[in-house]
Amino acid sequence: MIELQHLVKRYGDKTAVDDLHFTVKPGVVTGFLGPNGAGKSTTMRMILGLDAPTSGSVTVNGKRYAQHAAPIQEVGALLEARSIHPGRSAHNHLLALALTHGIPRRRVDEVIELTGLGKVAKKRAGAFSLGMGQRLGIAAALLGDPQTIMLDEPVNGLDPEGVLWIRTLLTSLAAEGRTVFVSSHLMSEMALTATDLVIIGRGRLMADTTVAEFIEQAGGDSVKVVSSDAARLREALLGPDVTVTGEAGSETLAVSGLSARQIGQAAADAGIAVFELTPQAVSLEEAFMTLTGDTVEYRSNAGTASKNGAPEGSVAA
Ligand SMILES: Nc1ncnc2c1ncn2[C@@H]1O[C@H](COP(=O)(O)OP(=O)(O)OP(=O)(O)O)[C@@H](O)[C@H]1O
C-alpha cells in the first residue's frame, strides 16, 4: 500500500507536484497517468525518498521508505534513469545487489529466470538492447521479493513482445496480492493492464478512478443500431442494465448493456429489419486528452494532427 498525503514538491517557483492525495491498493495494478511533465517521475522519486517533499508525506506500507529496515525487500522500483555498470554482466550486477542487501544468491537465478534473461545473463550489460535493459531493471526491482512494485514508464520503447511480457508480469504480480504502481502517458496501454487509475496533470490530481469507470464515463461500450422501427426495437431491447438512447423519429439508436449479436437476435425475433449494427469503440486516448488537455505543458505546433497534448517525439521539453 502506498499512501500520499497532500504531497507537494516545488523547484523554485515551479510546482511539480501539487497537493497529491491518493492511495495505491494491493492486489491490483494501478496505472499512474499524465502527459509529459505532469509530475509522475517526481512523485515516484518522493515515494522512494530520492527527493524530499516540500510538504505533505508519503508512506509505503505505513512507513516512509527510509524508515524500512530493508527497503528493497519492501519496494522494488524501476525508474527511468538506470545505473548499471556497462562492463558488468547482468548476473554479476544482480549478484552484487543481492550480496549487499542480504538477499540469498539463489534469488538471483530466480529473477533471471522470471525475466527471461537466462541466455544473456553472462553478457556485458552495456551491450544490452533497450528491451533487455528493461528486463534487467525489472529483475533488480524484483530481487528483494518486494510487496510493492513501482515502475516508471516500463513499456517505453519496447517491441510488442516486450510490451505483452510486461503486461502479463504486472498482472500476475498483482494477482499474488502485491501493490503494483506503474506510470505511463498512454491511456490505451493502461486500459489493457491496470484496474485502478490515478490521473494527474501539472502535478494536480485529475482523477482517482478505475479503468471500468473511466470507460463508462467516456461513453461506455455501446452499439449503434439503425432499423426499420426504432421505437418497437427499443421496447424489445429494454431490460435491467440496458440503456437505449436515440432521437424521436430517428432510425438510429445507441444501445449499451447488450452485444451486437444479442441486439441482432432480438430484432430478428421481433421481425424488425436491421440496416446497421456497429459496436462503437470508445477512444480512451481522446477521453484522456480531454481530461488533461488544459494541463499539457508542451504542445506540438499548431496545425499538427495533435489536438490536445503532444505525442512523444514532438515535445519541446
Ligand atoms: N530537478 C528539477 N528541477 C526543476 N524542475 C524539475 C526538476 N525535476 C522535474 N522538474 C519539473 O517538474 C515537472 C514534472 O516533471 P516530471 O519529470 O516529474 O514529470 P513526468 O510526468 O514524469 O514527465 P515525463 O512523462 O516527461 O517523464 C516538469 O515541469 C519538470 O520540468
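Every heavy atom of this structure was used, including side-chain atoms; hydrogens, water molecules and symmetry mates were not. Atoms within a ligand are numbered from 1 in the order they appear, just like the ligands themselves.
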Counting N and O atoms only, with roles assigned by atom type, does the side chain of Thr193 sit under 3.5 Å from a partner on the main chain of Met190, one being a donor and the other an acceptor?
-> no
In ligand 1, which numbered atoms sit nearer than 4.0 Å to a non-hydrogen atom of Asn36?
-> 23 (O), 24 (P), 25 (O), 26 (O)
Please could you name the atoms of ligand 1 that Lys40 approaches to less than 4.0 Å, counting only its heavy atoms?
-> 18 (O), 19 (O), 20 (P), 21 (O), 22 (O), 23 (O), 25 (O)
Counting only heavy atoms not in Asp241, do more than 12 sit closer than 6.0 Å to its CG atom?
-> no
Okay, side chain of Thr292, backbone of Gly201: is any donor-acceptor separation there less than 3.5 Å?
-> no
Measure the distances from the heavy atoms of Glu153 to every atom of ligand 1 and state whether one is below 4.0 angstrom.
-> yes
Would you say Gly37 touches ligand 1, if touching means a heavy atom closer than 4.0 Å?
-> yes
May I ask you to check whether Ala38 has an N/O atom sitting below 3.5 Å from an N/O atom of ligand 1?
-> yes
Examine distances only and state if a side-chain atom of Asp196 and a backbone atom of Thr210 form a donor-acceptor pair shorter than 3.5 Å.
-> no
Pick, from Pro35, Ser41, Gly203, the option with the minimum heavy-atom distance to atom 27 (O) of ligand 1.
-> Ser41
So is Arg45 in contact with ligand 1, going by heavy-atom distances below 4.0 Å?
-> yes
side-chain contact (heavy atoms from CB on, under 4.5 Å), paired with Val198, selected from Thr30, Thr23, Thr209, Leu33 = Thr30
Would you say His185 has any N or O atom under 3.5 Å from an N or O of ligand 1, going by distance alone?
-> no
Main-chain N/O of Tyr65 paired with Glu74 side-chain donor or acceptor, under 3.5 Å | no
Does Glu110 pair with Arg107 as a salt bridge, N-O distance under 4.0 Å?
-> yes
Heavy-atom contact under 4.0 Å between Lys14 and ligand 1?
-> yes
